[in-house]
Asks: 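Quick one: structure below, then a few questions.
All residue numbers refer to positions in the sequence shown, counting from 1.
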Amino acid sequence: NGLYEVVPRLGRRKVYFDVDGENLEAKGGPNKAQKLRDDYEKVKEIVLDYFPGARLQMSGSDVPKKYSLHIVMSNYYAESVAATEVLQRFAQKFKEEYGFNGGIYTKNRNVKMINQSKRENDKATGRLKPPRIHAYIEGDTDIRTHFILSHFDDDAISIGALERLQDSR
């Protein structure tokens, strides 16, 4: 299971976020994975505060050492990778406390699709770890609404129209 969407430099794409956390207890730090699970509703609240009426399509994986959440908004879009600069700033603002990843807004970025997994090697043993499947969490049950490059809502609006988001520079 390894299907990805390749998000190109040009062309309309839905607004999407990647929220990640790693269990940092082994390094003497807080258990960020647990914190993200505990703050799941807060992450949604932050997104909805900046994107009024957003229809959130959410998928993710939650395993003992890693947490990953993909949020795709079917009714908000950006025109190109250049238009996602404001999303990079938004992610940077909430990176430390909530794990938003601003590094996903680059040209030809591979984004794991819903119900897909990524196989990783265990650094200690060199063996493959069990797959982390990015499963449905909430939103529309039609998985096409979770795609970034297609199946936009008919009433989707450009993020350029959001004054609050633009003012958060």
Asks: Throw together a table of side-chain donor-acceptor distances under 3.5 angstrom for residues 75-83, partners on residues two or more places apart or in other chains.
Replies:
from : atom 1 : to  : atom 2 : distance (Å)
N75  : OD1    : R55 : N      : 2.8
N75  : ND2    : G53 : O      : 3.0
Y76  : OH     : P52 : O      : 2.6
S80  : OG     : A82 : N      : 3.3
S80  : OG     : A83 : N      : 3.4

Asks: Check this for me, if you would: do E5 and R13 make a salt bridge, where the nitrogen-to-carboxylate-oxygen distance has to be below 4.0 angstrom?
Replies: no
Asks: Are the side chain of N101 and the backbone N or O of G103 linked by a donor-acceptor pair below 3.5 Å?
Replies: yes
Asks: Verify, without hydrogens or angle tests, whether K14 (side chain) and S150 (backbone) share a donor-acceptor contact under 3.5 angstrom.
Replies: yes
Asks: Does one hydrophobic cluster hold both I159 and I157, with members joined at side-chain heavy-atom distances below 4.5 Å?
Replies: yes
Asks: Is a side-chain donor or acceptor of H146 paired with a backbone partner of D140 at a separation under 3.5 angstrom?
Replies: yes
Asks: What class does the angle between the rings of F90 and F100 fall in, given that below 30° is parallel, 30 to 60° is tilted and above 60° is perpendicular?
Replies: perpendicular
Asks: Would you call the rings of H151 and F147 parallel, tilted or perpendicular, where under 30° means parallel and over 60° means perpendicular?
Replies: perpendicular
Asks: I137 and L56: same hydrophobic cluster, using ILVMFWY side-chain contacts below 4.5 Å?
Replies: yes
Asks: Report the residues that fulfil salt bridge (charged side-chain N to carboxylate O under 4.0 Å, His left out) with R144, sequence neighbours left out, ordered by chain and then residue number.
Replies: D142
Asks: Scan N110, L87, D20, D18 and name whichever one has a side-chain contact (heavy atoms from CB on, under 4.5 Å) with I104.
Replies: D18
Asks: Could you check V15, D155, D153 and say which one makes a side-chain contact (heavy atoms from CB on, under 4.5 Å) with S74?
Replies: D153
Asks: Below 4.5 Å, heavy atoms only, C-beta onward: do V47 and F94 meet side chain to side chain?
Replies: no
